[in-house]
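As structure tokens, the structure follows; a few thoughts come after it.
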2 protein chains.
Amino acid sequence: MKGTTSATAPSDVPAPAEGVRAWKEKFVSIEYCPIRTVINQIGDKWSVLILAVLGTRPHRFGELRREIDDISQRMLTQTLRDLQRDGLIARRVIPTVPPSVEYSVTALGQSLLEPMSRLIGWAEQHQAEIKRSRQRFDASVAPD
Amino acid sequence: MKGTTSATAPSDVPAPAEGVRAWKEKFVSIEYCPIRTVINQIGDKWSVLILAVLGTRPHRFGELRREIDDISQRMLTQTLRDLQRDGLIARRVIPTVPPSVEYSVTALGQSLLEPMSRLIGWAEQHQAEIKRSRQRFDASVAPD
DNA sequence: CCGAATCCAATCTGATACTG
DNA sequence: CAGTATCAGATTGGATTCGG
């Protein structure tokens, strides 16, 4: 294992060019890749959105479903389960009749929201530029 | 000592709970979702890794292939193309014989590396906790 | 109300073989 | 060397139906 478990402060956020050099090796090492594991989970279709919504306040299952409304019940259940498995959200069954279930972000999930919000901020800030780039690219490839 | 490593926190970090409330609406609006677009692109299997490697220095096609080495030629070509389409990396053909092609991150790509490195930093910092959570969960679900 | 199970379509990925 | 084409397998996501 690497020394990361002892939380030797990765100092801070380094100049990207340096930081990258650092994690490249961890990425490429094939034995096990913690980063890919995490990116995979939150890189799916719904995880980020659900975390975002739960970040505002706890929600019940049905609330989430209505709020997102273009998610299928299957994917909502499954994504919630995966997030719970990773310890990012907590599931609390309230013994009413019929039973209700409340989901909320854990401390771990909260800590993820910060870097995630930065990434999303970036996406918002640069979406226009990306869109333009895509149009330019597509036009130059299929100029028809 | 765990979550508090935001040593260099550049002040503009929104309290997650507020930031989230902000982007939730953009997420859920179905007409167009810039954020999902971006997350989808970098959420695939190779984009982040390639950006990371190119972040250290420009690479030629074959170099990338050797460096990553468990990527198929097909996926390398395709992912590079998608990243170029988004304007995150630049492709430069060097007219030698045989021709060589150099890829490098653009300014836009550089700007993405910063939030990305934060996310990856988070993943590294919390991988152990996540792993433990998964084991606990799996044990409780399939206790044999 | 919450969620598991089944079936099915769409997408993603890799192996292999081929081109300039 | 860099890239394309095609095919097969794996994964993902959605619709529907059933159960507690």
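The chains referred to below are lettered A, B, ... by the order of the sequence lines, with proteins before strands, and numbering in each begins at 1. When reading the values below, keep in mind they use all heavy atoms of this one structure, side chains included, and skip hydrogens, waters and symmetry mates.
In this structure, B/I94 atom CD1 and D/dA2 atom P are separated by 9 Å, rounded to whole Å. Distance CG (B/L49) to P (C/dT13): 13 Å, rounded to an integer number of Å. The interatomic distance linking A/R81 (CZ) with D/dG13 (P) rounds to 16 Å, in whole Å. Summarising the geometry, the separation between CZ on A/R60 and P on C/dC1 is reported as 8 Å, rounded to the nearest angstrom. What separates CG of B/L76 from C1' of D/dA2 is a distance of 10 Å, to the nearest Å. Taking atom NZ on B/K45 and atom P on D/dT12, their separation rounds to 11 Å, with Å as the unit. Distance CG (A/D69) to C1' (D/dG14): 15 Å, rounded to an integer number of Å. Taking atom CZ of A/R92 as the reference point, atom C1' of C/dC1 lies 16 Å away to the nearest angstrom.
Residues A/E114 and A/R118 have side chains in contact (heavy-atom distance under 4.5 Å, counting atoms from C-beta outward). The shortest distance between side-chain heavy atoms of B/D70 and B/W46 falls below 4.5 Å.
Picking from D/dG3, C/dA4, D/dG14 the nucleotide with the shortest atom distance to the side chain of A/M75 gives D/dG14. For B/W46, counting side-chain heavy atoms from C-beta on, the closest listed nucleotide (C/dC2, D/dT4, C/dG14) is C/dG14. Distances from the side chain of A/Q73 to the nucleotides D/dA2, D/dG13, C/dG3 place C/dG3 closest.
No hydrogens or angles considered: a donor-acceptor pair under 3.5 Å links the side chains of A/E67 and A/H59. A donor-acceptor pair shorter than 3.5 Å can be found between the side chains of B/Q41 and B/S47.
Here the shortest heavy-atom pairing between B/L108 and B/D86 reads CD2-O, 3.6 Å. In terms of heavy-atom proximity, A/I42 sits nearest to A/V48 at O-CG2, 3.1 Å.
Contacts of A/Q78 with the nucleic acid, taken as non-hydrogen atoms under 4.0 Å apart, are absent. As judged by a 4.0 angstrom heavy-atom cut-off over every strand, B/R65 is placed among residues making no nucleic acid contact.
Bending across the helix from C/dC1-D/dG20 to C/dG20-D/dC1, expressed as the angle between its end axes from five pairs apiece, amounts to 40° (10° rounding).
Checked against ring pair (Phe, Tyr, Trp, His ring centres under 6.0 Å), B/W122 has the following partners two or more places apart in sequence or in another chain: B/H126.
Contact between the side-chain N/O atoms of B/Y103 and the OP1/OP2 oxygens of D/dC1 is not found at any separation under 4.0 Å. Between A/R74 and C/dA4 there is no side-chain N or O to OP1 or OP2 distance below 4.0 Å.
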